[in-house]
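Numbers for residues simply follow the sequence, beginning at 1. Just so you know, these numbers use all the heavy atoms, side chains as well, and skip hydrogens, waters and symmetry mates.
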Amino acid sequence: MDPLATLFVRYRRGDLDALGEVFDRTAPRLLRLAMHLVHSAADAEDLVQATYVQAMRLAATFDAERPLLPWLLALLAGPDVSPASSASR
């Protein structure tokens with residue numbers, strides 16, 4: 001199992017420190033994509049924050065047999081989080 005997915009499963013079971021570790025390991029990649037989408041550092045940080053909030057809401061739907069990072073990136077770029085994505089539709 002993907003180490004990040006393992007951490008996220010720990011979060012789903014109530015380990016908030018595991019979510020902090022997921023954040024520390026994935027935030028830089030999410031921020032790079034967010035900057036590409038919105039071109040503003042402040043907006044990109046807001047987008048990353050919204051992505052983690054969405055991930056927390058959808059935690060039960062995450063398939064732990066799959067890698068976590070692509071799921072987070074898809075949430076970030078998806079219409080529920082990214083204004084750039086929803087504006088292009």
Side-chain angles (χ1 to χ4, degrees):
M1 183 185 297
D2 171 45
L4 290 173
T6 301
L7 285 169
F8 200 67
V9 168
R10 284 179 36 206
Y11 159 71
R12 287 195 312 205
R13 294 180 180 152
D15 183 351
L16 296 180
D17 290 335
L19 183 61
E21 224 175 306
V22 166
F23 177 85
D24 290 343
R25 293 183 187 188
T26 59
R29 291 277 309 271
L30 292 172
L31 191 56
R32 280 195 296 276
L33 176 59
M35 282 295 297
H36 177 74
L37 293 173
V38 296
H39 306 291
S40 156
D43 290 343
E45 289 172 1
D46 289 346
L47 188 54
V48 169
Q49 179 179 356
T51 300
Y52 287 109
V53 169
Q54 185 75 346
M56 291 165 61
R57 286 186 188 136
L58 298 175
T61 68
F62 172 67
D63 178 359
E65 297 302 316
R66 303 183 68 125
L68 180 66
L69 185 60
W71 184 70
L72 290 173
L73 292 168
L75 289 178
L76 185 144
D80 293 335
V81 174
S82 174
S85 175
S86 58
S88 67
R89 293 175 189 206

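- A heavy-atom distance below 4.5 Å is found between the side chains of L19 and F8.
- For the residue pair A64 and V9, the shortest heavy atom distance occurs at CB-CG2, 3.4 Å.
- Across every non-hydrogen atom of L68 and A5, the tightest pair is CB-N, 3.9 Å.
- The hydrophobic cluster containing L31 also contains L33, counting ILVMFWY residues as joined when their side-chain heavy atoms lie under 4.5 angstrom apart, directly or transitively.
- A pairwise comparison of heavy atoms in V48 and A34 identifies CG2-CB, 4.0 Å as the closest pair.
- Note on residues 24-48: pairs passing side-chain hydrogen bond (donor to acceptor under 3.5 Å, both in side chains), not counting sequence neighbours, are E21-R25, T26-Y52.
- Counting only residues at least two apart or in different chains, side-chain hydrogen bond (donor to acceptor under 3.5 Å, both in side chains) contacts with residues 60-77 are absent.
- M56 is connected to L76 through a chain of hydrophobic side-chain contacts under 4.5 Å among Ile, Leu, Val, Met, Phe, Trp and Tyr, so both are in one cluster.
- A pairwise comparison of heavy atoms in P67 and F62 identifies O-CE1, 3.8 Å as the closest pair.
- Screening residues 4-16 for salt bridge (Lys or Arg N to Asp or Glu O under 4.0 Å), with sequence neighbours left out, gives R10-D15.
- Counting heavy atoms of neighbouring residues, nucleotides and ligands inside a 6.0 Å radius, atom CD of Q49 does not exceed 12 of them.
- Counting heavy atoms from C-beta on, the side chains of L4 and L72 never come closer than 4.5 Å.
- Cluster annotation: L58 and L7 are assigned to the same hydrophobic cluster (Ile/Leu/Val/Met/Phe/Trp/Tyr, side-chain heavy-atom contacts under 4.5 Å, transitive).
- V81 is connected to L73 through a chain of hydrophobic side-chain contacts under 4.5 Å among Ile, Leu, Val, Met, Phe, Trp and Tyr, so both are in one cluster.
- Of all non-hydrogen atoms in A41 and M35, the two that sit nearest each other are CA-SD, 3.5 Å.
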